[in-house]
Number of protein chains: 2
Amino acid sequence: MSGRRRRGEELEQAILRAAAEELRESGYAGMTMDRVAARAGTNKNAIYRRWPHRAALGIAAYRHLSDAALPNPDTGSLRGDALEMLRQINATWSSPHGAVLRDLLAAAADEPELLTLMRERSGADSMDRVWLGMLERAAARGEAPAAAVHHRVATTPVMVLRAEYAVRGNPSVPDQVLVEIVDEVFLPLVRGRG
Amino acid sequence: MSGRRRRGEELEQAILRAAAEELRESGYAGMTMDRVAARAGTNKNAIYRRWPHRAALGIAAYRHLSDAALPNPDTGSLRGDALEMLRQINATWSSPHGAVLRDLLAAAADEPELLTLMRERSGADSMDRVWLGMLERAAARGEAPAAAVHHRVATTPVMVLRAEYAVRGNPSVPDQVLVEIVDEVFLPLVRGRG
DNA sequence: CGTTATAGGGTACGGCTCGTACCCTAAGGA
DNA sequence: TCCTTAGGGTACGAGCCGTACCCTATAACG
């Protein structure tokens with residue numbers, strides 16, 4: 001029927017695109033190999049020749065649709081930086097991207113191999129570095145004690161936000177909560193390390 | 001063969017016990033309806049007459065095997081209380097119980113109905129109250145400012161610990177990390193709210 | 001320009017699981 | 001004693017994963 005027969009890179013991209021769309025529409029549970037193959041206009045052979053598992057395809061599809069550029073706000077105040085950072089993260093996790101990511105993380109809880117793949121892909125390390133940079137700038141401005149430039153301080157806000165997602169089922173958090181995390185936890189913590 | 005035929009409560013308990021054992025041995029993914037039925041010495045009819053989904057059975061089985069008595073340490077110092085609390089939680093989550101719970105939580109990420117069931121069963125609220133009680137005692141001793149008796153302060157240590165599980169794949173955290181959470185995050189945070 | 005190894009396409013299948021349907025029989029109350 | 005109820009046995013449809021097989025388009029290579 002179709003005159004052309006796609007090969008190599010072109011076919012691979014088509015499969016990834018199809019898988020990403022399935023992920024977005026139906027989540028990881030709904031991302032069936034047959035449906036991906038059908039949507040890509042190919043068959044499962046071409047998929048299994050490239051990825052060993054369904055899960056591997058899921059991860060590849062996710063990274064295909066998401067090249068999350070990490071935000072790095074510099075508003076001039078520690079409070080402004082932190083709040084902006086949390087707002088960006090909240091927006092990302094509430095987006096369809098975030099839904100796919102959370103779904104994949106949940107599904108990968110069984111398979112440790114995938115979990116590590118996801119983790120190294122999630123950019124947790126660079127996230128830390130951004131927060132540490134914020135703290136360093138604040139310390140240089142005299143806005144925070146030098147002892148506040150610390151790994152645990154840097155990771156706490158995001159961890160609290162993430163836990164907030166877990167407590168609510170809803171992955172989106174009202175802005176008021178973000179303000180609360182900054183004013184009631186992050187800034188007191190920074191002050192308390194004088 | 002078996003002369004007796006179990007009914008009602010007796011059969012229900014047998015099914016729950018079988019499901020709980022399957023959960024413990026093979027996780028939620030391995031808890032097959034057929035296997036539960038076989039292990040309980042019955043068939044799927046008896047199960048589906050009681051629980052509509054596999055997931056509902058999973059939750060029922062979990063709550064059947066876990067009636068987690070909430071710890072409530074009172075060591076005389078805020079640091080001691082917090083550390084003891086984190087140690088207890090860490091032990092619980094590292095145990096087979098915890099493995100089952102984490103597995104269920106992951107599996108329930110898709111089905112919001114189950115997620116709420118799990119949440120209301122997890123006792124997050126009473127956890128908060130225990131931490132608030134610790135803070136109140138510390139404030140009464142003059143060990144902490146009154147402003148530290150605050151919901152966000154109370155929930156932060158457990159949230160950080162939980163996030164620590166997510167960062168490592170491993171659900172068990174070395175004791176040193178618990179000490180770090182208390183000394184580098186919790187106590188500075190309490191101090192910072194003066 | 002012809003030949004040949006490679007990779008896609010089509011299709012079918014085995015194995016597993018969920019959830020349902022039937023039919024028969026033990027249990028226990030009326 | 002009879003009769004409603006609930007268990008037991010079994011089979012089945014449907015969906016999915018991962019594999020196998022066979023045929024053909026494609027591209028590299030002589």
Side-chain angles (χ1 to χ4, degrees), chain A residues 1-19 21-23 25-62 103-104 106-111 113-114, chain B residues 1-19 21-23 25-62 103-104 106-111 113-114:
Chain A
M1 290 299 289
S2 60
R4 270 177 54 56
R5 177 183 281 191
R6 295 161 304 176
R7 292 175 83 81
E9 187 65 19
E10 183 188 1
L11 181 57
E12 185 151 335
Q13 290 301 315
I15 295 173
L16 282 176
R17 193 173 338 115
E21 286 165 8
E22 287 290 333
L23 265 187
E25 289 176 16
S26 321
Y28 179 69
M31 189 198 79
T32 292
M33 297 306 254
D34 296 86
R35 294 181 62 185
V36 171
R39 182 165 210 152
T42 180
N43 64 359
K44 289 190 290 180
N45 276 332
I47 301 180
Y48 279 104
R49 213 170 274 137
R50 290 172 169 80
W51 297 276
H53 314 294
R54 186 173 79 101
L57 175 62
I59 289 183
Y62 172 73
D103 194 16
L104 271 180
D110 265 348
E111 294 143 292
E113 166 206 350
L114 301 181
Chain B
M1 289 301 291
S2 62
R4 271 178 52 56
R5 176 183 282 191
R6 296 161 303 178
R7 294 174 82 81
E9 187 64 18
E10 183 188 2
L11 181 57
E12 184 152 337
Q13 291 300 315
I15 295 174
L16 282 176
R17 193 172 340 112
E21 285 165 9
E22 288 291 332
L23 265 188
E25 289 176 16
S26 322
Y28 179 69
M31 189 198 80
T32 294
M33 297 306 254
D34 296 86
R35 293 181 63 186
V36 170
R39 182 165 210 152
T42 180
N43 63 0
K44 290 192 289 180
N45 277 332
I47 301 180
Y48 280 104
R49 213 171 274 138
R50 290 173 170 78
W51 297 276
H53 313 294
R54 186 174 77 102
L57 174 61
I59 289 182
Y62 173 73
D103 194 17
L104 271 179
D110 265 348
E111 294 143 292
E113 166 207 349
L114 302 183

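Labels below follow one simple rule: chain letters A, B, ... track the order of the sequence lines, proteins then strands, and each chain is numbered from 1.
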Inset, instruction - Return the value, rounded to whole Å, for the distance between atom CG of A/Asp34 and atom C1' of D/dT19. - result: 13 Å
Legend entry - 4.5 Å side-chain heavy-atom contact, B/Leu57 and B/Leu16: yes
Inset, instruction - Quickly work out the B/Arg6 CZ to C/dT25 C1' distance and round it to whole Å. - result: 16 Å
Legend entry - Side-chain N,O (A/Arg49) to OP1/OP2 (C/dG8) below 4.0 Å: yes
Legend entry - Option from A/Arg49, A/Arg50, A/Arg6 for which salt bridge (charged side-chain N to carboxylate O under 4.0 Å, His left out) with A/Glu12 holds: A/Arg50
Legend entry - Between D/dT19 (C1') and A/Ile47 (CD1): distance, integer Å: 14 Å
Legend entry - Quiz item: B/Arg54 side-chain donor-acceptor pair to C/dT17 base, under 3.5 Å: no
Legend entry - A/Ile15 CD1 - C/dG9 P separation (whole Å): 8 Å
Inset, instruction - Please determine, for the side chain of A/Thr32, which listed nucleotide (C/dT20, D/dC16, D/dA6) has the closest atom? - result: D/dC16
Inset, instruction - Please lay out, stage by stage, how A/Lys44 and A/Val36 fare under the test side chain to side chain contact (heavy atoms under 4.5 Å, CB included). - result: CA-CA 8 Å; A/Lys44 289 190 290 180; A/Val36 171; over 6 Å; no
Inset, instruction - Over all heavy atoms of both residues, which pair between B/Ala14 and B/Ala40 is shortest? Give the atoms and the distance, please. - result: O-CB, 3.9 Å
Legend entry - A/Trp51 side chain reached by A/Ile15 side chain, heavy atoms, under 4.5 Å: yes
Inset, instruction - Please report, rounded to the nearest Å, how far the P atom of D/dT19 is from the OH atom of A/Tyr48. - result: 7 Å
Inset, instruction - Could you tell me the separation between the CG atom of A/Leu57 and the C1' atom of D/dC17, rounded to a whole number of Å? - result: 13 Å
Legend entry - Integer-rounded Å distance: C/dA7 C1' and A/Leu11 CG: 9 Å
Legend entry - salt_bridge(B/Arg39, B/Glu25) N-O dist < 4.0 Å: yes
Listing time: all N or O pairs from protein to nucleotides 9-12 of chain D that are below 3.5 Å?
unit_1, atom_1, unit_2, atom_2, d
D/dG9, N7, B/Asn43, ND2, 2.4
D/dG9, O6, B/Asn45, ND2, 2.2

Legend entry - Side-chain N,O (A/Arg50) to OP1/OP2 (C/dG8) below 4.0 Å: yes
Inset, instruction - Measure from NZ or CZ of A/Arg54 to the centre of the six-membered ring of A/Tyr28 and say whether it is under 6.0 Å with the direction within 45° of the ring axis. - result: yes
Legend entry - B/Arg7 side-chain N/O to D/dA6 phosphate OP1/OP2 under 4.0 Å: no
